[in-house]
There are 2 protein chains.
Amino acid sequence: MSTGRRLTPRGEERRAQLIAHATSLFATRGYHPTSVADIVEGVGVGKGVFYWYFSSKEELFVEILLGAQSDMRRRQQRAIADLDDPLERLAAGVRAAVLWSAEHRDLFRLFEFAATDDTFADAVRRGRSVMLNDAVHHLHAAIEAGRIPPADPERLAHAILGVSTLVTLEYVHHRGEPAEDVADMVARFCLGGIGAA
Amino acid sequence: MSTGRRLTPRGEERRAQLIAHATSLFATRGYHPTSVADIVEGVGVGKGVFYWYFSSKEELFVEILLGAQSDMRRRQQRAIADLDDPLERLAAGVRAAVLWSAEHRDLFRLFEFAATDDTFADAVRRGRSVMLNDAVHHLHAAIEAGRIPPADPERLAHAILGVSTLVTLEYVHHRGEPAEDVADMVARFCLGGIGAA
DNA sequence: GAGGAACTTGACCGCCCGGTCAAGGAACGG
DNA sequence: CCGTTCCTTGACCGGGCGGTCAAGTTCCTC
């Protein structure tokens, strides 16, 4: 993960400040409307500081994106770790995704934007495909075990991702309903959708 | 729908040209990176022409958005018109949405972007809520009739929208699979998700 | 305390943005 | 052929953009 650059603790903290503030600005105003001047102003430093830590606004955004993806993945893996049943693993993964999205509204909004922008869409797809592969794996196992009717696991995985994304956006982010409730509803809908009892 | 402005046939055609080219540019490059200069250059006219027909780049985008929304709605209504059964109406509506999205890739991408931008998110939500209300209505009827287990119809409607959106994006737009097949799969998943036999 | 690496400053650069406008051409009714 | 309305032009404006850089400050090392 390290970019090779040597940073003192002070530098490390500055960098983190910039990332944090940029994330919040990108999420609230959007990527394009947020200028580098806005970012450094919010942290209270000169413009040159930004380019000491990042080579461009674009590079910073990608870094935030990749960091968020791997953080979410880590959370999902942890939630799944001690489960054996494929359908339980699937449901736990979905729940973990919803809960993570509830706790990281800013990062979730960044995903949403990045997916619609040609410059970042590939990075989003690459990150997604990792998560999707996990789901495909569980779905495949469930089909093999006769727990759900045969179907293309990849399509099912995409459908599940679609439900999680839009329902989380609407109910957790927009209406502020409890993430746990929403996660339960999403998991239930998805289990029905794939044909589980 | 008419903005009150008087336009000769010639003017009407120019306007349509600008809308068409702007739509394609917005969809491929994105809204912010597309400049008014890009739009008029593609049509081969001076910059002033743009501001003769539209008061701003933003206004043009909103017009495209609203037009697309009502076009999609019209298509959905037509597909549903001669069906009585609530679940059939629901499935037909979903299929119509997928097929429309397949035939209007540009407009579909505009929806996706607009939903992530504060300036346009409200317009998107307003348009969506119309479609969602239709779905809620059918779901409510289906629950009343005991065709599906009781649940919050609004949440189910959002889940259905999520499946349609993401699966269409991935399989129809990205992989170029036949829209009919994808529409079938989406409808099947959604019926399972809401608990229909 | 000398020296050098890490960090910071903010004026500056070239560019392009959304939007304006005075002026000029086409179309058409009278 | 005139007058008017519709349409078109493209130079121009103020301003903000992403990005640079010479100069300065802080901090650690020896």
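Chain naming here is simple, since letters A, B, ... match the order of the sequence lines and numbering starts at 1 in each. What you see is a predicted model, and the numbers here were worked out from it, not measured in a lab.
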Participant: Are A:R73 and A:Q76 linked by a side-chain donor-acceptor pair shorter than 3.5 Å?
Facilitator: no
Participant: Assess the side chains of B:H138 and B:R89: does a donor N or O sit below 3.5 Å from an acceptor N or O?
Facilitator: yes
Participant: Is the shortest side-chain N/O distance from B:R14 to OP1 or OP2 of D:dT8 below 4.0 Å?
Facilitator: yes
Participant: Could you state the CD1-P distance from B:I39 to C:dC17, rounded to the nearest angstrom?
Facilitator: 11 Å
Participant: Are side-chain N/O atoms of B:R14 and B:Q17 paired as donor and acceptor at under 3.5 Å?
Facilitator: yes
Participant: Do the side-chain N and O atoms of A:D38 and A:H21 include a donor-acceptor pair separated by under 3.5 angstrom?
Facilitator: no
Participant: Centroid separation under 6.0 Å, is that true for the rings of B:F120 and B:Y31?
Facilitator: yes
Participant: So what does A:Y53 hit on the nucleic acid, given a heavy-atom distance under 4.0 Å: a base, only sugar-phosphate, or nothing?
Facilitator: sugar-phosphate
Participant: Below 4.0 angstrom from OP1 or OP2 of C:dC7, is there any side-chain N or O of A:W52?
Facilitator: yes
Participant: Determine the interplanar angle of the A:F50 and A:F54 rings, folded into 0 to 90°, and report it as parallel if under 30°, tilted if 30 to 60°, perpendicular if over 60°.
Facilitator: tilted
Participant: Starting at CD of B:E13 and ending at P of D:dC6, how long is that distance when rounded to a whole Å?
Facilitator: 18 Å
Participant: Any side-chain N or O of A:R10 under 4.0 Å from OP1/OP2 of D:dC28?
Facilitator: no
Participant: Could I get a table of every N or O pair under 3.5 Å where one atom is in the protein and the other is in nucleotides 15-22 of chain D?
Facilitator:
unit_1, atom_1, unit_2, atom_2, d
D:dC17, OP1, A:S35, OG, 3.4
D:dG18, OP1, A:K57, NZ, 2.6
D:dG18, OP2, A:V36, N, 2.9
D:dG18, N7, A:K47, NZ, 3.0
D:dG19, OP2, A:Y51, OH, 3.2
D:dG19, OP2, A:K57, N, 3.2
D:dG19, N7, A:K47, NZ, 3.1
D:dG19, O6, A:K47, NZ, 2.6

